[in-house]
Novice: 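I'd like to ask some things about the structure below.
Note that the structure is predicted; figures quoted are calculated from it, not measured. In what follows, chains carry the letters A, B, and so on, assigned in the order in which the sequence lines appear, proteins first and then strands, with residues in each chain numbered from 1.
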Amino acid sequence: MAFGKGHHLHLIDGSAYIFRAYHALPPLTRKSDGLPVGAVAGFCNMIARYVEGNGSSADAPTHVAVVFDFSSKTFRDEIYPLYKANRPPPPEDLRPQFALTREATRAFNLACLETEGLEADDIIATLARQAREAGGRVTIISSDKDLMQLVGDGVEMLDPMKNLRIGRDEVFAKFGVGPERVVDVQSLAGDSVDNVPGAPGIGLKTAAMLIQEYGDLDTLLERAGEIKQPKRRQTLIDNAEQIRISRQLVTLKDDADLDMPLDSLEQRDAEPEVLLEFLNRMEFRTLTKRMADKFKVEPPAAPALPAASASAAAPIAQPQADVPFDAAGYVAIRDAATLSQWIAQAREQGYVAVDTETTALDEMVADLVGVSLALAPGKAAYLPLAHVSGENDLFGGTTRAGGQMDVNEALALLKPLLADPSVSKIFQNAKYDIKIFARLGLTVTAIEDTMLMSSALYAGLHSHGMDVLSEQHLGHTPIPIKSLLGSGKSQITFDRVPVDEAVKYAAEDADITLRLWQKFRPELHQKRVTTVYETLERPLVQVLADMEREGVLVERDVLSRMSNAFAQKMAGLEAEIHQLAGRSFNVGSPKQLGEVLFDELGLPGGQKGKTGAWATGAEVLEDLASEGHDLPARVLDWRQLSKLKSTYTDALQDHINRDTGRVHTSYSLVGAVTGRLSSTDPNLQNIPVRSEEGRRIRAAFVAPPGKSLISLDYSQIELRILAHMADIPALKQAFRDGHDIHAMTASEMFGVPIEGMDPMIRRQAKAINFGVIYGISGFGLARNLRIPRAEAQGFIDRYFERFPGIRSYMDRTVAEAKEKGYVETLFGRKINTPEINAKGPGAGFAKRAAINAPIQGSAADIIRRAMIRMPEAIRNLPAKMLLQVHDELLFEVEKGAEDEVIRIVKSVMEGAAAPAVHLDVPLIVDAGIGLNWAEAH
DNA sequence: CCCGTCACG
DNA sequence: GACGTACGTGACGGGA
């Protein structure tokens with residue numbers, strides 16, 4: 001039956017339904033496994049109501065389609081990259097529901113339409129035009145004002161919530177013009193929601209008035225010079241191009257190539273078994289029953305819930321959890337057709353685990369060798385791309401192994417999947433993989449990371465590498481990478497592993513990642529750390545990846561000259577040391593040094609550690625030196641130079657990247673239990689600054705020509721957090737008044753005035769303040785201040801007397817750790833304290849760690865929040881965030897923009913706790929500018 | 001591979 | 001009453 005006169009097409013804006021359902025309903029999860037299904041439930045209810053309404057309507061449709069947005073990228077992004085740029089990505093618990101709403105549509109036996117590169121509105125526009133031209137009628141089920149341009153000539157809209165008809169009159173009431181001029185008005189007024197620029201300062205009212213007066217947009221722009229109001233006239237003249245671009249954005253495409261004849265949209269009734277099976281599987285009890293009644297059939301039996309004994313750790317998909325690991329079930333993807341099938345399945349279900357195999361651990365130099373995908377437990381595949389055959393040719397080179405897809409072809413297929421915000425891409429350590437993909441020009445959105453989930457759930461209980469997680473949570477030991485690559489000197493790179501072996505290893509990694517994700521997801525909710533994962537962990541991945549890829553410029557020549565100078569000085573010191581010792585020995589060997597000092601020279605104060613070796617730490621040597629012994633003094637000098645040379649001036653040069661000429665550290669989000677970042681290869685969080693010699697190394701970190709480095713650091717952030725958390729009025733007031741906190745502490749403790757205070761007294765108060773953060777002990781303070789233990793204990797007693805809130809905070813924290821097994825930061829990050837109830841010497845450690853963790857961790861959370869907001873805040877500034885050092889951020893900025901950048905960054909950092917937490921103390925950030933890091937700091 | 005040492009916050 | 005102690009990291013060289 002060809003669509004034509006007398007036919008009536010209903011076009012339902014499915015995407016609008018989903019978002020409306022999602023936001024209107026409280027989050028609802030499927031009972032058996034915690035899968036979020038609130039939006040699906042709302043969607044199904046809306047569709048059910050729609051279908052039921054049609055049954056009794058005299059104006060029932062003959063043809064129906066539900067239309068969806070395909071993904072956020074459309075042809076409009078080519079016209080104007082900022083289009084819809086201010087739209088946040090869909091919430092994490094909504095993403096898996098996109099695919100389910102498609103499934104729901106089909107279960108209701110309705111045509112389900114979506115097309116790559118088009119918005120739902122374009123599909124609706126095209127079908128509406130076709131239907132109109134064929135002589136039929138159209139009703140668009142939507143209240144979206146962007147669709148109002150389509151009204152007229154047998155096309156009308158229906159607001160499904162208010163059940164209101166929208167015809168020409170209603171459009172006129174909304175826009176002040178008829179449907180044919182709606183586009184003109186929208187082009188002028190712009191749209192802040194979709195980020196359509198329009199003309200600045202012109203809103204709907206003015207736009208409508210102008211169009212009424214001049215007839216249409218082109219005439220208006222031609223005759224803009226005639227406008228009386230000077231400001232408005234200038235705006236239109238200045239922004240003519242932007243207004244024309246806006247028109248392109250708001251004009252719906254009504255000639256899209258759809259490949260979907262109207263005839264195929266003929267209305268069909270739902271098939272009871274199909275619909276009921278779906279609703280039942282979603283566990284929508286009420287709706288299942290309602291539909292069963294409507295069909296006059298028995299509702300299907302509700303799916304069995306997991307046994308009541310199922311623990312908090314119940315895996316998300318009960319039956320799948322029992323799938324055993326079986327490498328024989330993994331497949332190799334060797335052609336485009338197979339890859340396309342896997343990708344299609346990923347899109348269908350809305351999630352896929354992804355893992356890359358490369359030639360190196362350093363993602364700045366590693367080349368992609370293959371990609372593995374997992375769709376369900378046991379269902380995983382490996383896509384080999386750059387394996388070489390085992391045999392070297394005559395020249396020591398290699399040849400590409402057979403049976404591999406062309407790399408570019410494979411990446412072209414993967415690209416839209418990775419970029420699709422409606423499909424979750426699940427990684428173990430996503431930062432590594434997205435950096436690899438980024439170097440190949442592929443962007444990854446909608447990231448999930450099992451490593452970060454583990455950190456949010458299990459910080460303090462175990463580490464978060466794949467092997468540990470697999471063993472702990474899946475009871476499965478993965479194939480060791482060493483079994484493929486070997487170790488030591490004979491180690492090979494992954495591209496030399498035969499493909500058949502690589503499949504087993506690589507696909508298993510994706511399989512494990514997927515299973516971990518399914519297990520961790522409900523646990524995040526149960527342990528109430530979903531917000532931690534979603535706001536403090538996951539969003540930082542992309543931010544850090546970008547910082548790491550940016551790198552920092554380090555002057556090789558400066559380091560190299562320093563290395564030489566250090567070597568000379570060390571040689572001189574070494575000769576002196578040998579002479580003082582009366583023999584030559586390895587100064588770098590603590591064992592040999594101890595023997596020289598204490599056995600041979602018989603110096604006092606020697607102590608043997610648990611390994612039986614003499615202790616020769618800096619403290620011991622300093623004591624000896626202060627007693628007038630030259631040898632230990634020389635060794636201290638030598639050690640300082642040795643440290644600076646080996647760890648910094650030498651090693652740093654090796655970390656300068658060949659291609660970029662810069663140093664690229666790698667941050668770990670899970671390195672520290674408290675939530676601090678850690679930095680490796682190289683560690684750029686421990687570049688010297690405390691000694692004059694060391695600061696010269698910092699001066700080798702420079703800004704390129706035309707740029708400056710700026711450094712911004714939180715002042716006393718941990719003490720401020722302590723003042724807030726322990727609620728100490730005197731400390732809070734001192735911070736509010738901007739007073740010297742250590743002097744104030746000293747004044748309170750010893751009753752001396754701040755004016756003209758003995759610096760020694762202030763120093764002691766400072767040590768106590770730090771000690772408090774660390775979980776103070778008389779012993780520790782005594783050692784730090786080099787005073788007798790009893791005296792140190794006296795200070796602490798007096799401190800607690802003056803600030804009793806500190807002691808009660810410490811007691812509360814330890815009690816909480818004992819009771820709950822974890823402590824928390826201000827932002828809900830949990831740090832497990834499994835040793836807190838231990839007996840013996842370990843108890844002290846655990847207590848102090850428990851006291852320190854909320855303070856250090858809250859500070860870490862605050863700078864994380866600042867970093868996450870930073871890219872957006874400096875989007876339009878010539879500035880790049882390069883490094884983080886716990887309470888400091890380093891930026892590279894174009895000359896001239898320094899003050900502006902400092903102003904913005906400072907405000908982001910100082911406001912980073914809000915709105916989640918309102919601190920009783922202000923956060924203060926100090927800033928510095930320089931051509932190198934030493935100057936800027 | 002562990003230990004001692006020392007660089008940072 | 002004794003025990004052993006400041007919190008959190010990572011990199012290096014020596015030595016088994």
Novice: Determine the contact category for A:E888: base if any of its heavy atoms lies under 4.0 Å from a base atom, sugar-phosphate if only primed atoms, P, OP1 or OP2 are that close, otherwise nothing.
Specialist: nothing
Novice: Using a 4.5 Å cut-off on heavy atoms from C-beta on, say whether the side chain of A:S666 contacts that of A:M364.
Specialist: no
Novice: Send over the distance from A:F770 CZ to B:dC8 P, rounded to a whole Å.
Specialist: 14 Å
Novice: Does OP1 or OP2 of C:dC7 have a side-chain N or O of A:T674 closer than 4.0 Å?
Specialist: no
Novice: May I have the distance from A:Y648 (atom OH) to B:dC8 (atom C1'), rounded to whole angstrom?
Specialist: 7 Å
Novice: Within the 3.5 Å criterion, strictly below it, is a donor on A:S691 or A:Q640 matched to an acceptor on the partner's side chain?
Specialist: yes
Novice: Name the nucleic acid region contacted by A:A850, choosing base, sugar-phosphate or nothing; use a 4.0 angstrom heavy-atom cut-off, strictly under.
Specialist: nothing
Novice: With no hydrogens and no angle check, do the side chains of A:N686 and A:Y648 hold a donor and an acceptor under 3.5 Å apart?
Specialist: yes
Novice: In whole angstrom, give the distance that lies between atom CD1 of A:I687 and atom P of B:dA7.
Specialist: 12 Å
Novice: Which nucleotide in the set B:dC8, C:dA6, C:dC7 lies at the smallest distance from any side-chain heavy atom of A:I776?
Specialist: C:dA6
Novice: Taking only the side-chain nitrogens and oxygens of A:R690, find out if one of them lies under 4.0 Å from OP1 or OP2 of B:dG9.
Specialist: yes
Novice: Decide if the gap between the ring center of A:Y799 and the ring center of A:F803 is smaller than 6.0 angstrom.
Specialist: yes
Novice: Would one find a side-chain N or O of A:R783 under 4.0 angstrom from OP1 or OP2 of C:dA6?
Specialist: yes
Novice: Can you tell me how far the CD1 atom of A:I806 sits from the CD1 atom of A:I768, to the nearest 0.5 Å?
Specialist: 11.5 Å
Novice: Measuring from the side chain of A:H937 (C-beta onward, heavy atoms only), which nucleotide among C:dA6, C:dC7, B:dG9 has the closest atom?
Specialist: B:dG9
Novice: Looking only at atom P, what distance separates B:dT5 and C:dT5, rounded to whole Å?
Specialist: 13 Å
Novice: For A:R639 and B:dT5, give me the distance from atom CZ to atom C1', rounded to whole Å.
Specialist: 6 Å
Novice: If you measure only the distance, is there a donor-acceptor pair under 3.5 Å linking the side chains of A:T649 and A:R696?
Specialist: no
Novice: Remember a base hit wins even if backbone is also touched, and classify A:G771 as base, sugar-phosphate or nothing at under 4.0 Å, heavy atoms.
Specialist: base
Novice: What's A:I773 touching, base or sugar-phosphate or nothing? Going by heavy atoms closer than 4.0 Å.
Specialist: nothing
Novice: Fill in the dot-bracket string of DNA chain C, one character per base: . for unpaired, | for a pair to another strand, ( ) or [ ] for pairs within the strand, taking Watson-Crick or G-U pairs under 3.5 Å.
Specialist: ......|||||||||.
Novice: For A:S454 and A:H464, test the side chains for any donor-to-acceptor distance below 3.5 angstrom and give the result as yes or no.
Specialist: yes
Novice: Rounded off to whole Å, could you give me the CZ-to-P distance for the A:F585 and C:dG14 pair?
Specialist: 13 Å
Novice: Where do A:H937 and A:E888 land on the side-chain hydrogen bond (donor to acceptor under 3.5 Å, both in side chains) test, with the steps shown first?
Specialist: CA-CA 9 Å; A:H937 184 76; A:E888 172 190 6; 3.3 Å; yes
Novice: Would you measure the distance from the P atom in C:dA6 across to the matching atom in B:dG4 and give it in whole Å?
Specialist: 13 Å
Novice: For A:R848 and C:dT5, is the shortest distance between a side-chain N/O and OP1 or OP2 below 4.0 Å?
Specialist: no
Novice: Is it true that A:H655 and A:D681 share a donor-acceptor pair across their side chains at a distance under 3.5 Å?
Specialist: no
Novice: Over 60° means perpendicular and under 30° means parallel, so tell me whether A:W614 and A:F598 are parallel, tilted or perpendicular.
Specialist: tilted
Novice: I want to verify a distance call: between C:dG8, B:dC8, C:dC12, whose nearest atom is closest to the A:S646 side chain?
Specialist: C:dC12
Novice: If you check every side-chain atom of A:N784, which of B:dA7, C:dG4, C:dA6 has the closest atom?
Specialist: C:dA6
Novice: Using a cut-off of 4.0 Å on non-hydrogen atoms, how would the nucleic acid contact of A:N683 be classed: base, sugar-phosphate, or nothing?
Specialist: sugar-phosphate
Novice: Quick check: on DNA chain C, is the nucleotide nearest A:H655 upstream (toward 5') of the one nearest A:R676, or the reverse? Name the residue that is more 5'.
Specialist: A:R676
Novice: Does a side-chain N or O from A:S679 land closer than 4.0 Å to OP1 or OP2 of B:dC8, or not?
Specialist: no
Novice: What nucleic acid atoms does A:G588 come within less than 4.0 Å of, heavy atoms only: base, sugar-phosphate, or nothing?
Specialist: sugar-phosphate
Novice: In whole angstroms, how far is the C1' atom of C:dG8 from the CD atom of A:Q856?
Specialist: 4 Å
Novice: Base, sugar-phosphate or nothing for A:S678? Non-hydrogen atoms, less than 4.0 Å.
Specialist: sugar-phosphate
Novice: Would you mind reading off the distance between A:K610 atom NZ and C:dG4 atom C1', rounded to a whole angstrom?
Specialist: 9 Å
Novice: By the 4.0 Å heavy-atom rule, please label A:A859 as base, sugar-phosphate, or nothing.
Specialist: nothing
Novice: From the list C:dA11, B:dC3, B:dC8, which nucleotide is the closest neighbour of the side chain of A:T611?
Specialist: B:dC3
Novice: C:dG8, C:dT5, C:dA11: which one has an atom nearest the side-chain heavy atoms of A:T647?
Specialist: C:dA11
Novice: A:Q640 has an atom CD; how far is it from atom P of B:dA7, in whole Å?
Specialist: 6 Å
Novice: OP1, OP2 of C:dG14 versus side-chain N and O of A:N586: anything below 4.0 Å?
Specialist: yes
Novice: Using a cut-off of less than 4.0 Å, is there contact between a side-chain N or O of A:T616 and OP1 or OP2 of B:dT5?
Specialist: yes
Novice: Using OP1 and OP2 only, check whether a side-chain N or O of A:Q685 sits under 4.0 Å from C:dA11.
Specialist: no
Novice: Nearest of B:dC1, C:dT5, C:dC12 to any side-chain atom of A:A651?
Specialist: C:dC12
